[in-house]
Protein chains: 2
Amino acid sequence: MQRRTSKRESSGRVTNEDLGIVDALAQLSFLVWGTVAKKAAEHDLSMIQTRLLGVLRDREPSMNQLATLLALDKSSVTGLVDRAERRGLVTRTVSTEDRRAFRVALTDNGRALVAGVADEFRKEVDIMLTDLSEAERSELSSLASRVVRASAARMGVDLPAAQPL
Amino acid sequence: MQRRTSKRESSGRVTNEDLGIVDALAQLSFLVWGTVAKKAAEHDLSMIQTRLLGVLRDREPSMNQLATLLALDKSSVTGLVDRAERRGLVTRTVSTEDRRAFRVALTDNGRALVAGVADEFRKEVDIMLTDLSEAERSELSSLASRVVRASAARMGVDLPAAQPL
DNA sequence: TATTGTTATACTCTATAACTATA
DNA sequence: TATAGTTATAGAGTATAACAATA
């Protein structure tokens, strides 16, 4: 009788033991996070720069709103946007309603760059999931979605339009 | 007939739609990663300091091995360990075999600190999963474990003893 | 007065290159 | 010569506090 969770106890290093929900989630997160970071780094983007470009895909927020979206102090956002602007990835435009405020927006270059990273990430996820059947992927997707949505609701956060990054 | 995936299409903000496997995994990762970071920050630990303490729980590596384990340059590890040592969380001991090398180890304070963070993280995961049944948690745990193990095998990495952080 | 954003400052984190001490 | 680790240097990323301009 073939065990589903194969294993080589002594001297072996390959196992398929369940890690337990806590470890499994922690390690899965590091794996996914690391994958995004790696793909971003290949384009000279840090995680925070990538997240900046990510949130700008469907928004043109003020510096203050950006600080909220990224959970950073407004002074940190100044430098973050400075560096992105210097690279030609985003622009600051003075707001028409409030002359104190800016609207930060993606340039065409910035948009192309973040689209590229997101696309490469999608491919990596595909590789990551090769061992799962279609049904299992659906199951994982559904469970993960529910956890994410429940947490977002619990924190009173509006989950952004579905998109990685 | 009650839809399982409830939703308020127009004007609403609460939905339970499936995010799709890519977005679900990305957002779940940000959620879990953010949870660890938040708990760590409450103890004045950065993510990398937390990971440092984490890997030291069952090892006393050299600086070089630490660089490999954390995927950092050795010069980065110098500063990292400096700051942890200054806080009394780790110690450097000259190796008996090679007088050029150190063995880095957790102090009792360091061990207690990382245990505390790991424990608080466990509690947060529990909250995160309140909406799932026992069977669903098992399913999620199993699927996540398989993905993690498969990726580790694919990268030729020995998955560390099961432990978050 | 309150808010938006920047500046000054300080510290963590990171890598590259050059260096010291040991092997 | 080669390896273990540090130092010097430079830059990103972060927060706090003080500031300028506008509301």
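Predicted, not measured: the structure shown is a model, and the values here were computed from it.
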Exercise. Rounded off to whole Å, could you give me the CD-to-C1' distance for the B:Glu85 and C:dT12 pair?
Key: 17 Å

Quiz item: Between B:Arg92 and B:Asp82, is there a salt bridge with N-O shorter than 4.0 Å?
Solution: yes

Quiz prompt | For atom NZ of A:Lys38 and atom P of C:dT14, their distance in whole Å | solution = 18 Å

Quiz item: Do B:Phe102 and B:Thr93 have side-chain heavy atoms sitting under 4.5 Å apart?
Solution: no

Quiz item: In whole Å, what is the span from the CG atom of A:Leu52 to the C1' atom of D:dA12?
Solution: 14 Å

Quiz item: Given atom CG of B:Asp82 and atom P of D:dA8, what is their separation to the nearest angstrom?
Solution: 12 Å

Self-check item: Rounded interatomic separation in angstrom, taking CG from A:Leu45 and C1' from D:dG11
Solution: 16 Å

Quiz item: Tell me, which of residues 90-101 of chain B have any heavy atom that sits under 4.0 Å from an atom in DNA chain D?
Solution: B:Arg92, B:Arg100, B:Ala101

Exercise. Check whether the side chains of B:Ser142 and A:Asp18 place a donor and an acceptor atom closer than 3.5 Å, and report yes or no.
Key: no

Self-check item: d(CD, B:Gln49; P, D:dT14) in whole Å
Solution: 16 Å

Practice problem: Answer yes or no: does a side-chain N or O of B:Arg83 lie under 4.0 Å from OP1 or OP2 of C:dC11? | Solution: no

Self-check item: A:Leu70 CG - D:dG13 C1' separation (whole Å)
Solution: 12 Å

Quiz item: Any side-chain heavy-atom pair from A:Leu28 and B:Leu25 closer than 4.5 angstrom?
Solution: yes

Practice problem: Indicate the atoms forming the closest heavy-atom contact of A:Leu45 with A:Thr50, along with that distance. | Solution: CB-OG1, 3.5 Å

Any protein N or O atoms within reach of nucleotides 16-18 of chain C? Criterion: under 3.5 Å, listing atom names and distances.
unit_1: C:dT16; atom_1: O4; unit_2: B:Ser75; atom_2: OG; d: 2.7

Exercise. From the options D:dG5, C:dT6, D:dG13, select the nucleotide whose nearest atom is closest to the side chain of B:Asn64.
Key: D:dG5

Quiz item: When the distance from CG of B:Asp44 to P of C:dC11 is rounded to whole Å, what number comes out?
Solution: 14 Å

Quiz item: Taking NZ, NE, NH1 and NH2 as the nitrogens, is one of them in A:Asp126 or A:Lys123 under 4.0 Å from a carboxylate oxygen of the other?
Solution: no

Exercise. Would you mind telling me which residue lines up with the more 5' stretch of DNA chain D, B:Arg103 or A:Leu72, judged by nearest nucleotide?
Key: B:Arg103

Exercise. Name the residue closer to the 5' end of DNA chain D, choosing between B:Val77 and A:Gly79 according to the nucleotide with the nearest heavy atom.
Key: B:Val77

Quiz item: Does the pair B:Asp108/B:Arg111 count as a salt bridge with the N-to-O cut at 4.0 Å?
Solution: no

Self-check item: B:Arg146 and A:Glu136 ion-paired at < 4.0 Å
Solution: yes

Quiz item: Do the side chains of A:Val125 and A:Val32 get nearer than 4.5 Å, heavy atoms only?
Solution: no

Quiz item: Looking for any heavy atom pair under 4.0 Å, which part of the strands does A:Ser46 touch: base, sugar-phosphate only, or nothing?
Solution: sugar-phosphate

